[in-house]
Amino acid sequence: SESGLLASWPQEGPTLAWKVAHCGSGYATPSVVGDRIYLLGNEGLENESVHALSTTDGSRLWSTRLGKVGNPQQRPNFPGARTTPTVTGSTLYALGSDGDLACLNTATGVIRWKKNLRTDFGGKPGQWAYSESPLVVDNQVIVTPGGADATVLALDAASGEVRWKYSSPDADDAGYASAIMVDSGGSRQVVQLLSKGLVGLDAATGKPLWRWSKAVSKYGANIPSPLATRGIIYAAAAGTGGGAIRLKPGTDSPGFEELYFESKLPTAIGGTVQVGDLLFGTTAQSLLCFDAATGALKWEDRAIGAASLCHAGGRLFLHGENGTVALVEPSPDGYREKGRFTPPDAPAKSAPMEKSWAYPVVANGRLYLRDHGTLWCYNVR
């Protein structure tokens with residue numbers, strides 16, 4: 001809903017308002033609410049925390065430890081904070097990479113209640129630990145422990161008590177995507193990409209409604225969150241492809257029809273965004289524009305390669321895995337770049353395969369970019 005943003009950037013990029021280097025390690029994207037920035041970061045492998053920073057200058061207002069870093073012996077090895085905190089009113093919900101789920105007061109960082117997805121619910125994360133962001137809706141906090149007992153779980157937002165559990169017959173491990181809420185002709189559904197496929201669950205009870213098994217990564221890396229637009233859900237998985245289904249409306253026996261699935265559609269970690277009838281997303285090499293309903297490709301451009309995307313003020317903001325940032329007009333007629341730059345003094349990567357994976361955030365006329373312990377704030381109004 002941003003307005004009055006720059007339609008293009010000068011050659012050197014937008015004006016840097018401030019930069020801080022005390023965010024802790026990790027790949028988590030910040031949440032911005034009012035004059036606060038909330039984000040997760042870790043110091044070493046024993047301390048993963050949620051921080052509150054000031055939007056004025058990035059100064060730290062409080063910090064609360066959640067637990068340790070999950071699955072530190074990953075292959076490839078990228079241990080670190082991964083999830084974006086969810087804020088509603090004066091309450092924040094944060095999920096640490098080891099499964100520590102906490103409800104905190106946004107003003108003070110004091111924990112109101114806390115659970116652990118592994119120890120309390122028999123959770124089974126994937127190789128790269130817990131990475132989803134909590135879904136808060138209808139006074140419920142919905143998360144994905146994985147495993148046979150509580151594959152997907154709804155907790156009471158105020159107390160942390162169990163509302164419902166979905167126990168997958170396939171005992172899916174948790175994937176790395178975040179669940180979304182979809183309303184299909186009166187059927188409110190929680191849609192989540194698990195390790196063995198995309199599932200739709202009744203939002204009030206957790207009753208399974210359908211499963212689509214096409215979007216399963218051959219690398220065990222079901223990462224991009226599904227995207228819902230006008231009854232269509234796009235889902236993708238690394239090394240396999242992306243595709244869409246259309247939900248069948250109704251409350252008696254909700255189901256879906258497959259619209260398309262194509263190996264060359266966007267599957268990168270940075271996900272897809274919707275602009276009108278079009279979807280935009282990246283592969284490992286290129287930015288693609290395609291029709292949401294048919295999958296028909298409009299155009300493809302190498303742009304800045306694989307990137308995380310945000311749409312605001314009539315522009316696409318791309319944060320490339322290589323650290324480059326680009327501003328793009330979301331045209332159906334071809335790639336139209338309106339500026340690019342590389343943030344200064346980016347942190348060194350600890351492994352050859354490590355990239356810049358955090359999403360760009362646009363809020364109140366500012367662009368926030370996170371790369372491990374560094375957070376940049378740019379004026380883009």
Side-chain angles (χ1 to χ4, degrees), residues 9 13 19 23 25-30 39-41 74-84 97 126-129 131-133 175-178 193 217-225 227 236-242 263-273 279-289 300-311 315-328 330 335 337 339-362 367-376 378:
W9 292 338
K19 175 179 76 75
C23 299
S25 295
Y27 315 102
T29 296
L39 77 167
L40 272 66
Q74 303 165 9
R75 295 292 183 270
N77 202 6
F78 307 121
R82 319 176 94 73
T83 77
T84 301
S97 61
Q127 169 81 357
W128 294 284
S131 300
E132 73 171 328
S133 304
Y176 308 98
S178 299
L193 183 60
S217 168
K218 68 180 183 181
Y219 306 122
N222 289 354
I223 298 175
S225 296
L227 183 146
T240 302
S263 63
K264 296 181 180 179
L265 288 176
T267 59
I269 290 173
T272 55
V273 296
L279 298 183
F280 296 84
T282 65
T283 63
Q285 296 82 28
S286 304
L287 175 67
L288 277 69
C289 169
E300 177 179 0
D301 193 279
R302 294 190 68 85
I304 58 173
S308 296
L309 284 78
C310 171
H311 175 237
R315 292 289 185 265
L316 299 175
F317 293 78
L318 277 62
H319 185 199
E321 291 186 358
N322 61 7
T324 301
V325 182
L327 184 69
V328 177
Y335 180 71
E337 186 173 291
R340 73 163 68 186
F341 72 101
T342 300
D345 305 317
K349 301 298 186 288
S350 61
M353 292 179 64
E354 189 176 52
K355 308 293 182 183
S356 301
W357 283 311
Y359 280 74
V361 176
V362 179
L367 168 65
Y368 297 90
L369 301 167
R370 194 262 179 93
D371 193 354
H372 267 307
T374 303
L375 181 68
W376 296 267
Y378 288 88

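Only heavy atoms go into these numbers, but all of them, side chains included; no hydrogens, no water, no symmetry mates.
Closest heavy-atom contact between Met353 and Phe78: CB-CZ, 3.6 Å. Contact record, Ala177 with Leu193: CB-CB, 4.0 Å, taken as the closest heavy-atom pair. Nearest heavy atoms, Pro224 versus Gly271: CB-CA, 4.2 Å. Residue Ala326 comes nearest to Glu337 through the heavy atom pair CB-OE1, 4.3 Å, listed as atom of the first residue, atom of the second, then distance. Among all heavy-atom pairs drawn from Pro360 and His319, the shortest one is CD-CB, 3.8 Å. Pairing each heavy atom of Ala129 with each of Gln74, the nearest pair is CB-NE2, 4.3 Å.
Within 6.0 Å of NZ in Lys349 there are more than 12 heavy atoms belonging to other residues, nucleotides or ligands.
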Using side-chain contact (heavy atoms from CB on, under 4.5 Å), reason through Ser356 and Glu321 one step at a time and then give a plain yes or no. CA-CA 4 Å; Ser356 301; Glu321 291 186 358; 5.6 Å; no
For Phe317 and Leu309: C-alpha separation, side-chain torsions, deciding distance, then whether side-chain contact (heavy atoms from CB on, under 4.5 Å) applies. CA-CA 6 Å; Phe317 293 78; Leu309 284 78; over 6 Å; no
Dump the intermediate steps for side-chain contact (heavy atoms from CB on, under 4.5 Å) on Thr267 and Thr240, then the final yes or no. CA-CA 8 Å; Thr267 59; Thr240 302; over 6 Å; no
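Looking only at side-chain heavy atoms (C-beta outward), Thr272 and Phe280 stay at 4.5 Å or farther from each other. Taking 4.5 Å as the limit, every side-chain heavy atom of Val328 sits out of range of all side-chain heavy atoms of Arg340. Side-chain contact between Asp345 and Thr374 is absent, with no heavy-atom pair separated by less than 4.5 Å. Inter-residue side-chain proximity for Pro30 and Leu375 is flagged as met; some heavy-atom pair is nearer than 4.5 Å. With a 4.5 Å cut-off on side-chain heavy atoms, Ile223 and Ser131 do not count as touching.
Within the 3.5 Å criterion, the main-chain N or O of Ser133 finds a donor-acceptor partner in the side chain of Ser178. A donor-acceptor distance shorter than 3.5 angstrom exists from the side chain of Thr84 to the backbone of Thr29, with no hydrogens or angles considered. Using a distance-only test at 3.5 Å, with no hydrogens or angles considered, a donor-acceptor pair links the side chain of Tyr359 to the main chain of Gly270. With hydrogens and angles ignored, the 3.5 Å screen pairs no side-chain donor or acceptor of Thr282 with any backbone N or O of Ala268. Between the side chain of Trp128 and the backbone N or O of Pro76 there is at least one donor-acceptor pair closer than 3.5 Å.
Every residue meeting the side chain to side chain contact (heavy atoms under 4.5 Å, CB included) condition with Ser217, not counting sequence neighbours, appears here in chain and number order: Tyr219, Ala221, Asn222, Ala237, Ala238.
The aromatic rings of Phe341 and Trp9 sit perpendicular to each other, their planes meeting at more than 60°, with 30° as the lower class boundary.
Between His372 and Tyr27, the distance from one ring center to the other falls under 6.0 angstrom.
Interatomic distance, Ser286 OG to Asp301 CG, rounded to the nearest 0.5 Å: 7.0 Å.
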